[in-house]
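This report concerns only the one structure given below.
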Amino acid sequence: MTTGIGTTTAQLIDKHRPTLDRALEAIRSREFWTPHPEHPKAYGEGAAEEGKAAFDALRGSRFELPGQPVSGEWVATEVSPYGFELGISYPRADEGAVDALLSVMRGGLPAWRKAGPEARAAVCLEILARISARTHEFAQAVMHTSGQAFMMAFQAGGPHAQDRGMEAVAYAYAEQVRTPERTDWEKPQGKREPLRVTKEFTPVGRGIALLIGCNTFPTWNGFPGFFASLATGNAVLVKPHPRAVLPLALTVRIAREVLAEAGFDADLVALAAEAEGDGIAKDLATRPEIRVIDYTGGSAFGEWLEANARQARVHTEKAGVNTVVIDSTDDYQGMLANLAFSLSLYSGQMCTTPQNLLIPAGGITTESGPRSFDEVVADLAGAVDKLLGDDARANALLGALVNDQVRERLEAAPALGEVALSSRAVANPEFPDATVRTPALVKLDATKPEAEAAYLNECFGPVSFAVAVGSTEDALELLRNTLQAKGAMTVSAYTTSAEVTRQVEEVCFDEPAQLSLNLTGGVYVNQTAGFSDFHGSGGNPAANCTLCDGDFVSGRFRVVEVRRMAQD
């Protein structure tokens with residue numbers, strides 16, 4: 001319903017309704033569409049310099065959020081993976097500040113609910129438009145909290161994240177308007193007067209949503225839950241990762257500004273920053289006021305949330321073991337180049353990066369003849385070396401290692417098996433203190449029990465395993481077992497056999513996982529497109545939800561019916 005919409009909000013509806021309609025069409029057709037340009041030059045002359053200057057101006061300062069209840073304490077926890085402290089201080093969310101925040105956040109819910117789905121969608125799209133206008137600033141913020149190289153931080157942290165946020169708004173709107181606002185219900189009663197009832201249906205948000213941010217993709221993984229919750233009538237409390245606060249803090253500040261200008265309570269969105277080690281996520285997640293949770297990160301805490309945050313609808317994206325089945329190919333060089341890029345992008349620090357390459361011990365067939373297991377592995381190692389042989393190109397693809405834990409896993413990889421490709425350090429002239437490493441590739445034998453401990457656990461970062469299996473059938477059985485036990489965000493397969501194609505599809509249908517077949521060009525298994533591709537299936541242990549589908553948004557609200565006897 002749109003009762004009580006102010007002039008500013010009405011203007012936002014007029015401004016953004018065409019974009020909303022186009023987004024609704026995109027999620028129906030699944031065709032390519034984006035309103036957010038991927039190229040840095042599309043944002044105007046001087047935009048890159050202005051974005052960098054805006055980021056630099058934030059360094060060493062206090063990040064104010066006017067009007068938000070605060071404790072009076074400030075925390076600065078961010079160090080760029082490129083080797084310098086950001087020095088940005090945020091209001092610390094201690095217990096008292098959290099109590100105050102949750103109290104005031106509830107105060108804005110009645111007006112936000114009354115505004116209705118269309119007005120909420122328009123406000124969300126205005127927030128996204130203002131974020132888009134500052135994409136270069138967000139790119140710097142993402143780059144220097146996640147370690148992504150600039151172009152990836154610009155694209156994945158900017159337009160691609162904005163696409164995912166807008167996609168969530170479109171799904172939220174579509175689900176809320178599935179039921180009409182009002183109907184006049186009439187039931188015939190034979191010779192008597194019919195029964196007449198006026199029925200009104202109002203989408204009602206569940207309350208306060210908690211977004212628990214991640215270190216590696218703060219906006220790409222954060223925007224879907226943030227905008228899905230806001231668009232469905234909830235308030236949103238944002239708890240960023242202590243090492244990646246800035247991108248989500250900027251989001252909160254912009255959202256608060258737009259909400260206030262549109263006549264709503266700015267405290268519908270708030271930031272809960274913490275000092276390293278505070279561990280406030282557990283306490284927040286189990287508070288009765290928190291009714292929706294979005295989390296991206298390790299499996300242990302994700303599973304804890306699912307088990308303990310019983311009062312909330314919990315959406316988790318956790319760890320998985322992404323698998324590639326290599327049976328045969330009719331474009332051997334294309335396959336190698338595609339896999340080399342997928343293993344290298346952002347130093348493998350993506351939840352979609354392939355980890356286990358299952359290759360028959362007897363080798364595979366190609367368009368130019370058979371290749372043995374050892375030849376396939378050696379050729380893949382060579383493709384990675386070729387891709388990353390130039391340090392400038394390597395830096396542009398690899399970025400920097402996000403934390404010491406990733407580096408430690410990489411350094412421990414040689415003890416796991418025979419090293420087919422050694423990692424090397426890459427110097428970054430612009431950021432000499434950055435830790436940049438090329439991927440490692442380790443050979444494992446699936447028949448050896450000691451190998452299972454390596455390939456059946458996620459090894460997050462630039463480490464992948466070439467696993468020798470007895471046959472393609474054994475590879476498919478191992479894939480099935482992996483999906484059941486650990487899950488996967490992505491599955492990929494290379495085969496020229498229709499029967500093998502059918503079999504791998506059946507495995508991914510039985511143990512729901514998103515599958516890519518025979519990728520040899522410019523589309524990579526660890527990249528997904530907003531409005532078209534589904535990220536995660538929600539059907540295996542790696543994630544209990546999908547970005548983005550109807551189920552991702554529908555549990556964030558309920559439809560409340562009000563019935564009245566019709567007046568004659």
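Note that these values count all heavy atoms, side chains included, but never hydrogens, waters or copies made by symmetry. Note that this is a predicted model, so its numbers are computed, not measured.
Among H136, H36, H39, the one residue that satisfies the ring-ring contact (aromatic ring centres under 6.0 Å, His included) test with F154 is H136. Screening E317, Q514, Q527 for a side-chain hydrogen bond (donor to acceptor under 3.5 Å, both in side chains) with H535, the sole residue that qualifies is E317.
Shown here for S229 and V236, the closest heavy-atom pair between the two residues is CB-CG2, 3.8 Å. When all heavy atoms of P69 and A100 are compared, the closest pair comes out as CB-CB, 3.9 Å. The heavy-atom pair separating N234 from W112 by the smallest distance is O-NE1, 3.6 Å. Of all the heavy atoms in W33 and A23, the pair that sits closest is CZ3-CA, 3.6 Å. Annotation for K239 and L210: closest pair CB-CD1, 4.0 Å, computed over non-hydrogen atoms. Here the shortest heavy-atom pairing between H241 and C214 reads CB-C, 3.8 Å.
A side-chain donor from one of T135 and Q162 sits under 3.5 Å from a side-chain acceptor of the other. Using modelled atom types, one finds a donor on one side chain and an acceptor on the other under 3.5 Å when comparing E38 with H160. Remark: the E306 side chain and the Y295 side chain contain no N/O donor-acceptor pair separated by less than 3.5 Å.
A donor-acceptor pair is defined here as one N or O able to donate and one able to accept, closer than 3.5 Å; no such pair exists between the side chain of D56 and the backbone of R59. Between the E175 side chain and the Y171 main chain, no donor and acceptor come within less than 3.5 Å of each other. Remark: the backbone N or O of F32 is not paired with any side-chain donor or acceptor of S532 at under 3.5 angstrom. A donor-acceptor pair under 3.5 Å is formed between the side chain of S71 and the backbone N or O of R92. Panel note: side chain Q148, backbone T216; a donor-acceptor pair is recorded below 3.5 Å. T490 places a side-chain N or O within donor-acceptor distance of the main-chain N or O of T352, the cut-off being under 3.5 Å. A donor-acceptor pair under 3.5 Å is formed between the side chain of Q68 and the backbone N or O of L271. At least one donor-acceptor pair under 3.5 Å links the side chain of Q355 to the backbone N or O of C459. Checking side-chain atoms of E274 against main-chain N and O of I280 turns up a donor-acceptor pair under 3.5 Å.
Comment: D21 engages R17 in a salt bridge, judged by a side-chain N to carboxylate O separation of less than 4.0 angstrom. R106 and D265 are not joined by a salt bridge, as no carboxylate oxygen comes within less than 4.0 angstrom of a charged side-chain nitrogen. Taking a cutoff of 4.0 Å between a charged side-chain nitrogen and a carboxylate oxygen, R253 and E64 do not qualify as a salt bridge. Between R556 and D294 there is a salt bridge, with a side-chain nitrogen of the basic residue lying less than 4.0 Å from a carboxylate oxygen of the acidic one. The pair D533-R164 does not count as a salt bridge, with every side-chain nitrogen at least 4.0 angstrom from each carboxylate oxygen. With respect to E126 and K15, a salt bridge is recorded, a charged nitrogen being found less than 4.0 Å from a carboxylate O. A salt bridge does not link E25 to R22: none of the charged nitrogens lies less than 4.0 Å from a carboxylate oxygen.
Between N526 and L345, the closest side-chain pair of non-hydrogen atoms falls below 4.5 Å. P512 has its side chain out of reach of N540: every pair of non-hydrogen atoms, C-beta onward, lies at least 4.5 Å apart. The closest side-chain heavy-atom distance from D551 to T546 is not below 4.5 Å. Contact of the Y90 side chain with the V252 side chain is not registered, since no non-hydrogen atoms from C-beta on lie closer than 4.5 Å. Contact annotation: the side chain of S89 never approaches that of F63 to less than 4.5 Å [non-hydrogen atoms, C-beta and beyond]. Side-chain contact between T353 and S342 is absent, with no heavy atoms from C-beta onward closer than 4.5 Å. Annotation: side chain of L101 is in contact with side chain of L237 (closest heavy-atom distance under 4.5 Å). Using a 4.5 Å heavy-atom threshold, the side chains of Q176 and R120 count as touching.
The distance from the CG atom of L246 to the CG atom of L58 is 6.0 Å, given to the nearest 0.5 Å. Remark: D163 CG to W220 CH2 distance equals 10.5 Å, nearest 0.5 Å. One distance of note links CD of Q349 with CE of M152; it measures 9.0 Å at 0.5 Å rounding. Between F217 atom CZ and T296 atom OG1 the span is 11.0 Å, to the nearest 0.5 Å. Note that CG of N215 is 9.5 Å distant from CD of E78, once rounded to the nearest 0.5 Å. The OG1 atom of T286 sits 6.5 Å away from atom CD of Q311, with the distance rounded to the nearest 0.5 Å.
Geometrically, R30 engages F534 in a cation-pi contact, judged by NZ or CZ lying under 6.0 Å from the ring centre and within 45° of the ring axis.
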*Walk me through it: do M166 and F223 pass the test side-chain contact (heavy atoms from CB on, under 4.5 Å)?*
CA-CA 9 Å; M166 186 175 290; F223 281 4; over 6 Å; no
*asked:* Using side-chain contact (heavy atoms from CB on, under 4.5 Å), reason through I290 and L102 one step at a time and then give a plain yes or no.
replied: CA-CA 9 Å; I290 299 298; L102 295 177; 4.1 Å; yes
*Report the C-alpha separation of L230 and V269 in whole Å, then their side-chain angles, then the decisive distance to 0.1 Å, and conclude whether the side-chain contact (heavy atoms from CB on, under 4.5 Å) test is met.*
CA-CA 8 Å; L230 197 59; V269 174; 4.0 Å; yes
*Begin with the C-alpha distance, continue with both residues' side-chain angles, and end with the deciding distance and a verdict on side-chain contact (heavy atoms from CB on, under 4.5 Å) for F55 and L86.*
CA-CA 10 Å; F55 168 75; L86 271 61; 4.3 Å; yes
*Go through Y43 and E50 one step at a time and tell me if the side-chain hydrogen bond (donor to acceptor under 3.5 Å, both in side chains) criterion holds.*
CA-CA 11 Å; Y43 293 81; E50 291 170 7; over 6 Å; no
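Within a 6.0 Å radius of CD in E95, other residues, nucleotides and ligands contribute 12 heavy atoms or fewer.
Ring geometry for H144 versus F84: interplanar angle of 30 to 60°, hence tilted.
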